[in-house]
Amino acid sequence: MSLKVYNSYTRQKEVFESITPGHVGMYVCGPTVSGESHLGHARPYITFDVLYRYLTHLGNKVRYVRNITDAGHFEEEGREAEDKISKKAILEKLEPMELVTKYTNLYHWAMKQFNTVDPSIEPTATGHIVEQINMIEKIISEGYAYEVNGSVYFDVKKYAANYDYGKLSGRVIDDLLETTRELDGQEEKRDRADFALWKHAAPEHIMRWKSPWGEGFPGWHIECSAMATKYLGAAFDIHGGGMDLQFPHHESEIAQSTICNHQNPVRYWMHNNMITINGRKMGKSYNNVIKLTELFSGDHPLLSQAFHPMTVRFFILQSHYRSTLDFSNDALAASEKAFKRLWEAYEILQKLVPADSNDDVIDKELDAKIVKWVAEFKEFMDDDISTPKILANMFEMAPIINSMKDGLIPSDSISAATLLQMKDQFKIYLEDIMGLQSVSVSNNEAFKAVMQLLVDIRKEAKTKKDFATSDKIRNQLAEAGILLKDEKGGEMSWSVE
RNA sequence: GGUCCUUUGGCCGAGUGGCUAGGCAAAGCUCUGCAAAAGCUUCUACAGCGGUUCGAAUCCGCUAGGGACCUCCA
């Protein structure tokens with residue numbers, strides 16, 4: 001069985017085949033570093049991180065390109081076009097580059113918290129002005145763009161006459177041409193549907209570059225086309241991003257690249273759905289965002305506590321990437337508990353040792369069920385990255401693992417081969433592919449030694465039925481945030497809350 | 001207004017026409033010095049109406065609610 005992904009371009013699941021076997025080129029729209037990342041931003045980065053990990057796991061050499069948009073787009077308020085980054089810079093009395101650096105660092109920090117793998121290339125828009133200008137010149141020479149007063153616009157009407165503009169986003173060109181909205185530069189455009197490739201910079205505009213059309217700055221869509229072409233070629237395998245980017249961003253990208261490179265740039269378009277809050281998209285314009293720093297610290301009116309980045313990652317993986325995911329404090333709290341239980345079972349599993357079992361003692365029904373559940377990990381992943389189903393299967397096995405540890409299920413009731421397979425596949429899917437990791441902060445050797453000492457003392461006390469001492473140890477550790485649990489058979493385990 | 005999506009048990013959330021996903025919460029029980037975990041059991045839902053079908057949460061239609069995009073947006 002092979003990997004199938006839902007291609008937004010064709011609106012169906014398709015078998016994934018890369019252009020060059022064994023190599024995959026993947027481009028994902030990265031952040032605009034004019035502000036802090038919020039929960040909604042986390043979704044594509046985690047979703048495509050899992051895809052990247054899986055493609056790699058399948059033996060592909062993947063070049064994963066994720067850009068940083070550090071040149072401002074337009075923020076259209078009324079009729080005044082402003083550069084997002086330079087505007088904020090004035091407010092915060094920072095240099096644009098200082099602002100960009102600050103939020104880029106913060107973004108990298110958050111990605112680290114989520115345990116996402118670094119992209120192979122992380123190009124910045126400002127670092128590729130030359131490429132963008134070259135691309136615009138090419139589009140002009142092809143006859144699909146025109147200059148007006150130092151700005152350059154893409155001729156959508158002409159493009160639509162020869163190519164299917166709107167296919168990705170399901171747009172009808174005639175509708176677009178009738179849009180009545182007043183936008184900046186509208187009077188310069190030949191058609192309302194046209195979009196800017198290059199904008200003339202007003203005198204007060206801080207971010208500006210020299211170009212054949214005077215000083216200005218690039219339009220938003222051109223950066224992705226230019227950088228994707230440069231690092232992945234005229235045609236590449238996967239382009240990912242949030243659903244809200246389908247139009248106009250990705251649609252425009254297709255148009256630009258198609259004219260420039262004379263071919264359809266992307267094989268598989270993949271879009272993650274939105275994270276909602278009270279059923280509404282989380283977004284700046286709705287004023288309902290929860291920043292990642294707030295999430296990790298718990299410092300937000302909607303949050304009753306801080307949430308660990310792994311809880312958030314798990315929360316996101318529990319729903320399918322193409323469904324909306326509704327955020328709430330309760331939903332996240334539920335994920336926290338669930339993840340803890342699953343992870344503890346996983347750690348127990350890794351410590352289980354296969355018993356010398358023979359056909360007589362093996363519970364064949366149980367063994368077969370486990371074999372099936374484990375085999376389905378790949379099946380589910382191949383089915384358009386169905387991480388919720390993989391997790392469901394893992395939860396099916398959690399009680400079995402715990403029961404084996406407690407001796408409620410004899411350890412020789414599943415075959416050694418099955419247990420090894422289980423251990424192996426859990427590790428691959430949970431850690432390597434879904435990118436989950438321990439939330440434990442207790443990997444310090446000295447600390448572990450101290451804990452072992454306390455455990456030993458408590459064991460002695462319990463043997464002597466000195467419950468005052470044993471309770472004191474447990475209670476005071478609890479106050480310090482360390483949970484000590486008695487296991488069956490007199491052993492003790494602990495975890496840092 | 002146009003285009004499209006969605007509506008699943010107390011909450012979150014999978015669901016490929018038939019064979020009860022899963023998680024959290026809740027209740028009961030078991031284990032246990034106590035506690036916490038853990039295990040077992042219970043809770044069987046698909047917005048409404050109509051249709052297709054031997055059979056529909058799943059397909060079709062209508063109605064109602066919610067949402068997304070059309071403008072910066074993950």
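In what follows, chains carry the letters A, B, and so on, assigned in the order in which the sequence lines appear, proteins first and then strands, with residues in each chain numbered from 1.
When each of A:D330 and A:G170 is assigned the nucleotide of RNA chain B with its nearest heavy atom, A:G170 is the one assigned upstream, toward the 5' end. Take the nearest nucleotide of RNA chain B for A:S169 and for A:E344: the residue whose nucleotide is more 5' is A:S169.
Counting heavy atoms from C-beta on, the side chains of A:H38 and A:L295 never come closer than 4.5 Å. Using a 4.5 Å cut-off on side-chain heavy atoms (C-beta onward), A:D49 and A:R313 make contact.
The base of B:C5 lies outside donor-acceptor range of the side chain of A:N273, with no N or O pair under 3.5 Å. In terms of polar N and O atoms assigned as donor or acceptor, the side chain of A:N393 never comes within less than 3.5 Å of the base of B:G22 in a complementary pairing. For A:R474 against B:A35, a side-chain-to-base donor-acceptor contact under 3.5 Å is present. Side-chain to base pairing of A:R192 with B:C70: no donor and acceptor N or O lie closer than 3.5 Å to each other.
Look at A:K340 and A:E344 and you find a salt bridge, because one of the NZ, NE, NH1 or NH2 atoms lies within 4.0 Å of a carboxylate O, short of that distance. Residues A:K405 and A:E487 are paired through a salt bridge, judged by an N-O separation under 4.0 Å between the basic side chain and the carboxylate.
Put simply, A:K281 has a side-chain N or O that comes within less than 4.0 Å of OP1 or OP2 on B:C69. Dashed line: the shortest gap from a side-chain N or O of A:R341 to OP1 or OP2 of B:C24 is under 4.0 Å. Within the 4.0 Å cut-off from OP1 or OP2 of B:A68, at least one side-chain nitrogen or oxygen of A:R280 is found. The side chain of A:K485 places no N or O atom within less than 4.0 Å of a non-bridging phosphate oxygen (OP1 or OP2) of B:A35.
Remark: B:C40 base-pairs with B:G28. Criterion, Watson-Crick or G-U wobble with two distances under 3.5 Å. Pair check for B:U16 finds none; no Watson-Crick or G-U wobble contact set falls under 3.5 Å. In this structure B:A21 sits in no base pair that meets the Watson-Crick or G-U test at under 3.5 Å. Of all nucleotides present, only B:G51 satisfies the Watson-Crick or G-U wobble test against B:C59, with each distance under 3.5 Å. Nucleotide B:G2: paired with B:C69 (Watson-Crick or G-U wobble, both distances less than 3.5 Å). Summarising the base pairing, B:A64 is matched to B:U7 through a Watson-Crick or G-U wobble pair whose two defining distances lie under 3.5 Å.
Separating the CE atom of A:M243 from the P atom of B:A68 is a distance of 13 Å, rounded to the nearest angstrom. One interatomic measurement links the two molecules: CZ of A:F377 to C1' of B:A21, which rounds to 14 Å at whole-angstrom precision. A:F339 places its CZ atom 16 Å from the C1' atom of B:C24, with the value rounded to the nearest Å.
Comparing B:A37 with B:G28, their P atoms are spaced 15 Å from each other, to the whole Å. Comparing B:U7 with B:U63, their C1' atoms sit 13 Å apart, to the nearest whole Å. Rounded to the nearest Å, the gap between the C1' atom of B:G18 and that of B:G55 is 6 Å. Taking atom C1' on both nucleotides, B:U8 is separated from B:U41 by 24 Å, rounded to a whole Å. Remark: the separation of the C1' atoms in B:A68 and B:C72 is 16 Å, to the nearest Å. As rounded to the nearest Å, B:U32 and B:A38 have C1' atoms that lie 11 Å from one another. Across the P atoms, B:A14 and B:G9 are found 13 Å apart, a figure rounded to whole Å. With C1' as the reference atom, B:U44 and B:G39 are 22 Å apart, rounded to whole Å.
Between B:A36, B:A74, B:A21, one nucleotide has an atom nearer to the side chain of A:L483 than all others, and that is B:A36. With B:C34, B:A74, B:C72 as the choices, the nucleotide that has an atom nearest any side-chain atom of A:D471 turns out to be B:C34. For A:H38, whose side chain is taken as the heavy atoms from C-beta onward, the closest listed nucleotide among B:G33, B:A74, B:C69 is B:A74. Checked against B:G15, B:G39, B:C69, the side chain of A:N402 finds its nearest nucleotide in B:G39. Minimum atom distance to the side chain of A:Y286 is reached by B:A68, of the listed B:A68, B:C12, B:A38.
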Exercise for the section: Given side-chain contact (heavy atoms from CB on, under 4.5 Å), test A:Y27 with A:M227 step by step and report yes or no. Expected result: CA-CA 9 Å; A:Y27 188 96; A:M227 297 189 288; 3.9 Å; yes

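A distance cut-off of 5.5 Å between ring centres, combined with a plane angle under 30°, places A:F467 in a stacking arrangement with the base of B:G33.
For the pair A:N393 (side chain) and A:W373 (backbone), a donor-acceptor distance under 3.5 Å is present.
Ring-centre distance between A:Y54 and A:F16: not below the 6.0 Å cut-off.
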